[in-house]
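Any value given below was found using the heavy atoms of this structure, including those in side chains, with hydrogens, waters and symmetry copies removed. Throughout, a chain's letter reflects where its sequence line sits, starting with A, and its residues are numbered from 1.
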Amino acid sequence: MSDVSTRDWLLSDRPASRRQARLGQAYRTWSQLRRNRLAMVGLGIVVVLILMAIFANVISPYDPIRGGDLRTERLLPPSWAHLMGTDDQARDIFSRIVHGSRLTLMVVALVAIIATPIGLAVGTTAGYFGGWVDVVLMRITDIFLAFPRLILALAFVAALGPGIENAIIAIAITSWPPYARLARAETLQIRDADYIAAIRLQGAGSARIIWGHVVPLCLSSVIVRVTLDMAGIILTAAGLGFLGLGAQPPQPEWGAMIAAGRRFMIDFWWVATMPGIAIFVVSLGFNLLGDGLRDVLDPKGET
Amino acid sequence: MSVSPANTGGRWRALPTYGLKAGKLIATVAVTFLGLLVVTFLIGRVVPVDPVLAVVGDRASKSTYDAAYIALGLDKPLYHQFFIYLKQALSGDLGTSVLTKKPIIEDIARVFPATLELATAGIILGTLFGVPLGVWGAVRQGKLPDQVIRVVGLVGYSAPIFWLGLLGLLVFYAKLQWVAGPGRIDISYEYTVTQTTGLLLIDTAMQGQWDAFRNVLAHLALPAVLLGYFSMAYISRMTRSFMLAELGQEYIIAARVKGVPEWRIIWVHALRNAAVPLVTVIALSYAGLLEGSVLTETVFAWPGLGQYLTNSLQNADMNAVLGGTLVIGIIFVGLNLLSDLLYTVLDPRVRRRT
């Protein structure tokens, strides 16, 4: 198939199969997104982050945990040998940042994997059943929303003990409520549709209807919302790391690296500055991408 | 949608609905508050720190330990413990800090003004810059100013606040010496100022200590600008989208046709209507500054609620952590409620629809 005909097949207004319709929709979204230059920059940053995490061992010139010679290689300024300089343990900062991308990606991915199903389950159940189930579940959601995210995560980490796993759990626990609200709103629109009534008349149980027919329809908007939240997740994780509650040393977590470099800030600026740039660039990337995605998928919504 | 009471029979019929709405509101707030307590209580129960040891110390004898165990009510079932906790919290008793040996509520009352002063300065700056920038962006939609404002806002969204704070200290304090360093006030002034309100700017001004006032201002400038920048990013973005929605309305076209000057259309007609949802946004970002304060206060050694929280956290002082969390949660709920009420006051349509 030549290029032109692939495009025609994708943009056909009479798709022959469900797959063709879906791919066509995805292609339309993509070509709209491609026109947004800032979103493309964001996408580029995210792709670079993922590649960096995959090939961390190949890219980083030094070991991220074991330092060099403590007498001669401590706190060296950026140079060709050490692109971002070295820290107080004579470790190459560039290598640590490259390896840190794995931690950052892991946090984002795991939080999304944990929080999305919770939000979907709570939201669709509340929306589908309505009545007191709705009242109770939404009240619980509101209570979690009533706490500022970082503070609640802080309290959870305090209870569970510091560490990257607990930081992930804490961030996940604090980030599901908006997804639940969104899923509920979507479910309310779906639940009275004729095809849901048809399935019910065929004798399907509530669980089957929710998981088989309501959740798939809520999924796309929730996923867009999760993408939009990723920058926030990265910043929260970095904040917890900075406070010493996230990843523990010697793990190369960016927030913790800033905290460690803070003591030498005045004389050796690069130790704390470099990981900060990394956090900033990555979360900017997710923000730009999320912004573009929202413009394409939901032109009206601003929040 | 129900028929508005204005159509069905005047003011008097509407009274019961007002009562119902107020009752509903109070119930909602009460349930949320109860929920906050349940969450902090449960977190407090799963902590690996032994609360008894925290009180008696690890060299206490078995009998002292047991006595404290019973005194803390730990022998009773969980729901009973919760009722004790609830009763204490309602009477303002959040326990005693292991670190300062003082009641938590006293500690919080002492540190809160510092946070309040910082957050208020931040939100004032954020609103003063955020609203006009948002309006400007909306008016010049898609043009250069709009793009620049958008990028400036995105930078605010993306940069870790603690990192910007450190860089700010490095550049403006260590290198340029434009502002004062960490802390609220220089030690030399610390004991000459009597704290009546706890808000040092107001205290020093009332006592006419203008040197101290300038010193406080120099300390406040950097963290306040930083927090202001972050809330500006959010406020300008929301202002822009509210303004765009208003500028597309028909009454704007009508005003233009009538020949109302453009500045009046923007700043009087459109902004006035955009102001209603904007109040909610500003209230929420004010609450958000309390959250941002945890990291900012750590960086600037600002003796406020955020620093109190992190200090207690690092010393496993759970009562203090949970008390602080609870207080911040309550402030959050309060500000939410306040913005709801303001919404009703500012928007006559909402008022009539009740």
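- By the 4.5 Å heavy-atom criterion applied to side chains, A:Ile143 and B:Val38 are not counted as neighbours.
- Between chain B and the residues A:Gly244, A:Pro275, A:Ala238, A:Ala231, the largest count of heavy-atom pairs under 4.5 Å involves A:Ala238.
- Note that CG of A:Asp291 and CZ of B:Arg150 are 4.5 Å apart. Values are rounded to the nearest 0.5 Å.
- No other option in B:Leu326, B:Thr40, B:Leu154, B:Val333 has as many heavy-atom pairs under 4.5 Å with chain A as B:Leu154.
- The parts of A:Ala155 that come within reach of chain B are both its backbone and its side chain, each placing non-hydrogen atoms under 4.5 angstrom from that chain.
- Contact of the B:Val294 side chain with the A:Ile151 side chain is registered, since non-hydrogen atoms from C-beta on lie closer than 4.5 Å.
- Residues B:Ser158 and A:Ser283 come closest through the heavy atom pair O-OG, 2.5 Å.
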Please list every donor-acceptor pair under 3.5 Å in which a side-chain atom of residues 254-264 of chain A meets a protein atom from a residue at least two apart or in another chain.
from: A:Trp254; atom 1: NE1; to: A:Ile97; atom 2: O; distance (Å): 3.1
from: A:Arg262; atom 1: NH2; to: B:Thr298; atom 2: O; distance (Å): 3.0

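- Heavy atoms closer than 4.5 Å to chain A are found in the side chain of B:Leu309, but not in its backbone.
- Closest approach of B:Ala159 and A:Leu235 over heavy atoms only: C-CD2, 4.1 Å.
- Scanning residues 163-176 of chain B against chain A with a 4.5 Å heavy-atom cutoff picks out B:Trp163, B:Leu166, B:Leu167, B:Leu170, B:Ala174, B:Lys175, ordered by number.
- Within the 4.5 angstrom heavy-atom criterion, only side-chain atoms of B:Thr310, from C-beta onward, approach chain A.
- For the set B:Val39, B:Leu36, B:Ile328, the entry with the most heavy-atom pairs within less than 4.5 Å of chain A is B:Leu36.
- Residues B:Val299 and A:Phe242 meet the side-chain proximity criterion, which asks for heavy atoms closer than 4.5 Å.
- Taking every heavy atom of both residues into account, A:Leu284 and B:Val155 meet most closely at CD1-N, 4.4 Å.
- Only the side chain of A:Leu245 comes within contact range of chain B, with at least one heavy atom under 4.5 Å from a heavy atom of that chain.
- For the set A:Ile234, A:Leu154, A:Leu152, the count of heavy-atom pairs under 4.5 angstrom toward chain B peaks at A:Leu154.
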